[in-house]
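For reference, the structure discussed in these notes is given below.
These numbers were taken from a predicted model, which means no experiment stands behind them. Basis for what follows: all heavy atoms, side chains included, without hydrogens, waters or symmetry-related copies. All chains are named by letter (A, B, ...) in the order of the sequence lines, taking the proteins before the strands, and each is independently numbered beginning at 1.
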There are 2 protein chains.
Amino acid sequence: MGQQLAFCGDRPKSRPAPARSPDVSAVRHLRLFDDLDLEAQADILRLARPQRLGPGEAPLRQGDAPDLVFLVLSGRFKAVQVTSEGAQVVTRLVGPGDLMGHVAVLNDKPHSATPIAVLESLVLAWNCDDFMEAMRRHPGFAVAVMRGMAASIQEAHTRLREAATERVEQRIAHAVLRLARQAGRRVANGVEIAFPLTRQDIALMTGATLHTVSRTLSAWEHQGLVDGGRQHLVLRAPWVLARIAGGAAGGEETIASAGRPSGE
Amino acid sequence: MGQQLAFCGDRPKSRPAPARSPDVSAVRHLRLFDDLDLEAQADILRLARPQRLGPGEAPLRQGDAPDLVFLVLSGRFKAVQVTSEGAQVVTRLVGPGDLMGHVAVLNDKPHSATPIAVLESLVLAWNCDDFMEAMRRHPGFAVAVMRGMAASIQEAHTRLREAATERVEQRIAHAVLRLARQAGRRVANGVEIAFPLTRQDIALMTGATLHTVSRTLSAWEHQGLVDGGRQHLVLRAPWVLARIAGGAAGGEETIASAGRPSGE
DNA sequence: CGACACCTTGAAGGCTATCAAGGTCGGTGG
DNA sequence: CCACCGACCTTGATAGCCTTCAAGGTGTCG
């Protein structure tokens with residue numbers, strides 16, 4: 001009882017003295033800090049160390065012992081899991097306000113995926129002992145972290161259901177709609193996915209091959225549903241994609257033939 | 001800031017006075033209470049109300065507003081998610097020490113699955129406000145809850161990877177091995193799944209049809225890898241199944257041809 | 001302007017769902 | 001006790017979705 005667990009694995013405690021504690025104003029707007037008063041925010045931030053990552057860089061690697069916990073301030077990451085046979089999956093997309101590495105720390109197991117930056121990104125890093133201590137000292141923080149984990153679980157279960165019950169075209173539709181919701185930017189033609197996204201990436205998110213993804217997007221482009229391009233995607237008719245995702249076979253569906261919702 | 005969130009949805013707070021607070025001894029051995037001293041355990045249990053469920057019964061239903069959080073003391077549940085088209089998935093298996101309903105409560109969204117008892121089961125129920133309050137008052141409890149959620153996330157991501165990269169036979173192998181780990185009981189012939197499990201259940205866990213599952217299990221039974229039966233399964237050669245799960249095509253593999261591990 | 005990464009498109013084949021037709025077990029009521 | 005019924009399981013045949021194999025096209029960066 002009351003047994004102390006080694007949350008950071010068994011490696012020596014390396015606590016690099018924060019060069020300078022980040023400013024509270026940088027995180028005030030994040031939902032993770034909604035519940036906390038200024039004092040608590042400052043207390044938690046005092047232990048954090050900012051870090052900058054360019055596209056392709058990773059703050060931690062699959063298989064590493066848990067050591068640090070990261071909070072994304074800006075930019076975006078894709079969490080890639082590689083199997084022993086070399087097959088890959090993108091387990092989730094990580095954006096501002098999301099944590100990385102906390103699952104492994106809480107589980108006391110090696111990291112199960114490598115988060116790779118797809119944009120110039122800024123993160124905060126905590127030594128994992130400090131992170132655990134912050135949660136113990138500020139229950140509101142712990143609850144906020146749990147909220148994020150709960151959302152993560154629901155998303156994973158949703159994707160699990162899609163993978164088990166849907167055809168490839170539906171899964172791709174769901175995937176791009178989810179991308180638009182998580183990282184979409186309104187543009188003239190519709191909604192643009194606001195980071196470089198290859199066909200291969202979509203394939204890794206949907207359990208399809210890049211060939212099938214390419215074919216599907218080509219078909220959609222011919223129907224005017226999307227604008228494709230090199231590492232680039234614009235959803236011109238999200239409502240039609242939603243109908244495809246919902247189970248309608250698609251068939252001869254065009255932009256005009258589907259009732260455009262008045263709201264939104 | 002400090003804005004109070006409606007964790008229980010907007011329904012009136014119904015707090016049925018606990019008939020009698022459950023005994024601390026019933027939960028002492030659960031990992032969820034490892035970190036807590038006796039006083040904290042008692043404080044948390046004081047708010048809980050025991051409840052008994054028979055096979056087929058569900059403590060909550062998919063789509064319901066979050067209201068209560070449950071802790072399984074004994075028995076077992078399968079969490080079933082149904083899509084609008086009627087397709088079903090089993091998102092997870094819930095056993096002693098696991099929570100139910102907490103994800104929806106933390107997310108403040110309707111329950112995303114219905115946990116159905118597959119055995120006579122005993123659970124503890126908390127009003128969700130009380131549950132949140134317990135976590136705020138006892139950070140160690142919050143951390144323990146998070147540990148369970150972290151495990152849940154890793155399992156979901158693992159299954160996501162399997163669904164995306166593996167053939168049906170491999171997925172079934174992984175599924176039955178996971179079942180054996182979570183609900184296995186050593187018997188003379190090997191390891192028995194210790195609750196009634198239909199082919200359909202396995203199909204809902206793996207994204208296959210019950211026909212394919214039946215065919216696969218029949219083939220395994222002919223090879224002596226498993227003993228099948230009505231709602232019944234015994235793994236005679238888990239190490240061979242592990243090899244099948246690991247990617248080996250199986251082919252002419254028999255019990256004898258695979259090196260039996262010395263340990264365990 | 002050459003090389004690399006990304007994308008497109010065709011053809012063939014296999015894995016699995018689907019359709020179809022029973023078989024078997026266990027409980028229930030007469 | 002026995003017959004019936006429902007739930008669960010098995011096995012064949014067929015069809016089709018999607019992967020796999022193959023061959024190029026295209027955009028971008030150094």
Between B:Glu162 and B:Arg171, does at least one N-O distance fall below 4.0 Å, as a salt bridge requires? no
Of the listed C:dT8, D:dT10, C:dA17, the closest approach to the A:His211 side chain comes from C:dT8
Nearest-nucleotide pick for B:Arg230, side chain only, options being D:dT19, D:dA22, C:dT24: C:dT24
Would you kindly give the CD1-to-P distance between B:Ile172 and C:dC15, to the nearest whole Å? 14 Å
Comparing nearest nucleotides in DNA chain C, the 5'-proximal residue of the pair B:Val168, A:Leu197 is A:Leu197
For atom NE2 of A:His222 and atom C1' of C:dT9, their distance in whole Å: 11 Å
Measure NE2/B:His232 against P/C:dG26 and give the value in whole Å, please. 11 Å
Using a 3.5 Å distance criterion without hydrogens, assess whether the side chain of B:Ser152 forms a donor-acceptor pair with backbone atoms of B:Gly148. no
Answer yes if the side chains of A:His174 and A:Glu166 hold a donor-acceptor pair under 3.5 Å, and no otherwise. yes
Phosphate-side-chain proximity, A:Thr209 and D:dT19, N/O vs OP1/OP2 below 4.0 Å: yes
Check whether B:Thr114 reaches the backbone of B:Gln62 with its side chain - one donor and one acceptor, N or O, closer than 3.5 Å. yes
As a test of reading the structure: which of D:dT19, D:dG12, D:dC8 is closest to the side chain of B:Thr198, going by heavy atoms? D:dC8
Whole Å only: how far is the CZ atom of A:Arg171 from the C1' atom of D:dT19? 12 Å
Nearest-Å distance, CG (A:Asp201) to C1' (C:dC6)? 11 Å
Just how far, in rounded Å, is P of D:dC9 from CD1 of B:Ile202? 8 Å
Measure from the side-chain heavy atoms of A:Gln231 and tell me the nearest of C:dT9, C:dC6, C:dT18. C:dC6
How about A:Glu155 and A:Gln182: does a side-chain donor come under 3.5 Å of a side-chain acceptor? yes
Nucleotide of D:dC17, D:dT10, C:dT16 approaching A:Arg167 most closely (side-chain heavy atoms): D:dC17
Distance, rounded to the nearest Å, where B:Leu210 contributes CG and C:dT24 contributes P: 18 Å
From CG of A:Leu204 across to P of C:dC7 the rounded distance in Å is 12 Å
Side-chain N,O (A:Ser214) to OP1/OP2 (C:dT9) below 4.0 Å: no
It should be established whether B:Thr212 places a side-chain nitrogen or oxygen under 4.0 Å from OP1 or OP2 of nucleotide C:dT16. no
On the nucleotide C:dT8, are OP1 or OP2 found under 4.0 Å from the side-chain N or O atoms that A:Arg215 carries? no
Taking only the side-chain heavy atoms of A:Ala208 (C-beta and beyond), determine which of D:dT19, D:dT10, D:dC17 contains the nearest atom. D:dT19
